Engineer: 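There's a structure below that I have some questions on.
In what follows, every chain begins at residue 1, and chains take the letters A, B, ... in the order their sequences are listed. In this text, all values refer to a predicted model and were calculated from it rather than measured experimentally.
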Amino acid sequence: EAQVTQNPRYLITVTGKKLTVTCSQNMNHEYMSWYRQDPGLGLRQIYYSMNVEVTDKGDVPEGYKVSRKEKRNFPLILESPSPNQTSLYFCASRRLLGGHVGSGANVLTFGAGSRLTVL
Amino acid sequence: AQSVTQLDSQVPVFEEAPVELRCNYSSSVSVYLFWYVQYPNQGLQLLLKYLSGSTLVKGINGFEAEFNKSQTSFHLRKPSVHISDTAEYFCAVSDPGGGGGSNYKLTFGKGTLLTVNP
C-alpha cells in the first residue's frame with residue numbers, strides 16, 4: 001500500500017531532550033515536507049526537500065532540523081525541544097518528475113500525524 | 001505570496017441540511033486548489049482538488065466545490081449533511097510549480113469546524 005509512515009504517533013517529552021520524528025514513504029517521491037498544525041492556525045510548513053541532499057526552510061523552521069540522506073526518509077529533528085513546539089506534526093510527500101496535470105503527481109500524500117507534547 | 005482565508009471558523013448545522021464552507025485565496029499566479037478533511041483525532045484526507053478543466057469539482061462523500069477565478073473562491077458544498085460529516089475542513093492552495101522559486105508548498109487556511117447536530 002502506498003503510504004507515508006510517521007513515528008512515533010504520540011510522544012510526551014521534557015524541555016531540552018533531543019528527539020527525532022521519523023518519516024518514510026514507499027512511493028519513490030522526490031518531494032517531502034513537514035508541517036505543524038496548531039489550533040486556529042491551520043497547517044504551516046516547517047521544512048521541505050526537493051530530493052536527496054536538497055532541503056530548505058519553510059515558514060516556521062526555528063527550532064527544527066531535517067536531513068534527506070535517502071529518498072524514502074525525511075526525519076524531523078528537535079535538538080532542544082521547548083513547550084512552544086507542542087503540536088501535531090504531519091509529514092507529506094509527492095512526485096515532482098513526470099505525470100500529467102490531473103494525475104496524482106500534483107497531490108501531497110500525508111502521513112497520519114505525530115502528536116508531540118513538550119513539558 | 002499565497003494566502004487562504006476560510007471565512008468561518010465554525011459552522012453548526014442540522015442533519016440533512018445543506019452546507020457551504022467558504023474559501024477565498026489570493027495568488028498572483030495560477031493555482032491548484034484543495035479541500036482536506038480531518039476527522040476527530042485523525043490525519044488529513046483529501047476531499048477533492050481542482051487542477052485544471054471543469055470548474056465544478058466533485059469529491060468523496062458527496063462533497064463538491066466550484067472554482068471561481070474572478071472571485072478567487074473555492075467554496076465547498078454538500079446538499080445534505082450527515083452526523084458523520086462532523087470534522088474540521090481545510091482549504092489549501094499551491095502553485096503548479098516548475099518555475100524558479102516554487103517549493104510546491106501547500107498554503108492552508110485556518111480551518112472550519114463543521115458540527116452536524118441531530
Side-chain angles (χ1 to χ4, degrees), chain A residues 2-7 9-10 23 29-51 54-61 66 87-115, chain B residues 1-10 21 23 25 30-54 57-60 67 87-113:
Chain A
Q3 60 185 356
V4 177
T5 303
Q6 300 178 222
N7 282 296
R9 295 288 315 282
Y10 302 91
C23 174
H29 285 170
E30 295 84 12
Y31 180 90
M32 299 185 74
S33 183
W34 277 101
Y35 289 81
R36 60 177 288 175
Q37 182 185 3
D38 301 291
L41 296 179
L43 285 86
R44 295 174 292 168
Q45 189 187 52
I46 304 171
Y47 267 95
Y48 66 96
S49 169
M50 295 286 201
N51 214 323
V54 181
T55 64
D56 207 346
K57 298 176 180 178
D59 296 321
V60 288
V66 293
S87 188
L88 178 58
Y89 292 87
F90 287 101
C91 181
S93 72
R94 60 163 280 179
R95 187 170 60 179
L96 285 184
L97 303 177
H100 57 85
V101 172
S103 75
N106 299 300
V107 179
L108 273 179
T109 299
F110 283 86
S114 296
R115 185 168 295 280
Chain B
Q2 296 167 335
S3 67
V4 176
T5 302
Q6 291 185 242
L7 294 146
D8 305 294
S9 60
Q10 297 186 56
L21 305 184
C23 173
Y25 68 92
S30 59
V31 294
Y32 292 158
L33 293 155
F34 306 83
W35 276 98
Y36 285 85
V37 59
Q38 185 178 35
Y39 297 104
N41 300 312
Q42 294 192 27
L44 289 165
Q45 181 179 4
L46 181 67
L47 263 183
L48 49 79
K49 62 184 184 290
Y50 171 79
L51 304 179
S52 68
S54 172
V57 180
K58 294 190 183 298
I60 61 172
F67 170 53
E88 190 154 26
Y89 292 79
F90 293 96
C91 181
V93 62
S94 75
D95 64 67
S102 170
N103 84 8
Y104 302 91
K105 178 179 72 174
L106 269 184
T107 299
F108 285 85
K110 295 183 179 181
T112 297
L113 180 61

Engineer: What part of B:L113 is in contact with chain A, defined as an atom under 4.5 angstrom from a non-hydrogen atom: side chain, backbone, both or neither?
Structural biologist: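 Interface part for B:L113: neither.
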
Engineer: Is B:Q38 in contact with chain A via its backbone, its side chain, both, or neither, using a 4.5 Å heavy-atom distance?
Structural biologist: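 Only the side chain of B:Q38 comes within 4.5 Å of chain A.
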
Engineer: Let me know if B:E88 has heavy atoms under 4.5 Å from chain A in its side chain, its backbone, both or neither.
Structural biologist: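 For B:E88, the contact with chain A is made by the side chain alone.
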
Engineer: Below 4.5 Å, heavy atoms only, C-beta onward: do A:Y35 and B:L44 meet side chain to side chain?
Structural biologist: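 Answer no - side chains too far apart.
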
Engineer: Out of A:A112, A:S33, A:G40, return the one with the most heavy atom pairs under 4.5 angstrom to chain B.
Structural biologist: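 Max contact count across the listed options: A:G40.
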
Engineer: Any idea which heavy atoms bring B:Q42 and A:F90 closest together, and the distance?
Structural biologist: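 So the two residues come closest at O-CZ, 4.5 Å.
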
Engineer: To the nearest 0.5 Å, how far apart are NZ in B:K110 and CZ in A:R44?
Structural biologist: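 The distance works out to 9.5 Å.
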
Engineer: With chain B as the partner, which of A:L43, A:D56, A:L41, A:D38 has the greatest number of non-hydrogen pairs under 4.5 Å?
Structural biologist: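 Among A:L43, A:D56, A:L41, A:D38, the one with the most close pairs to chain B is A:L43.
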
Engineer: Could you walk me through whether A:L108 and B:Y36 pass the side chain to side chain contact (heavy atoms under 4.5 Å, CB included) test, one step at a time?
Structural biologist: CA-CA 11 Å; A:L108 273 179; B:Y36 285 85; 4.1 Å; yes

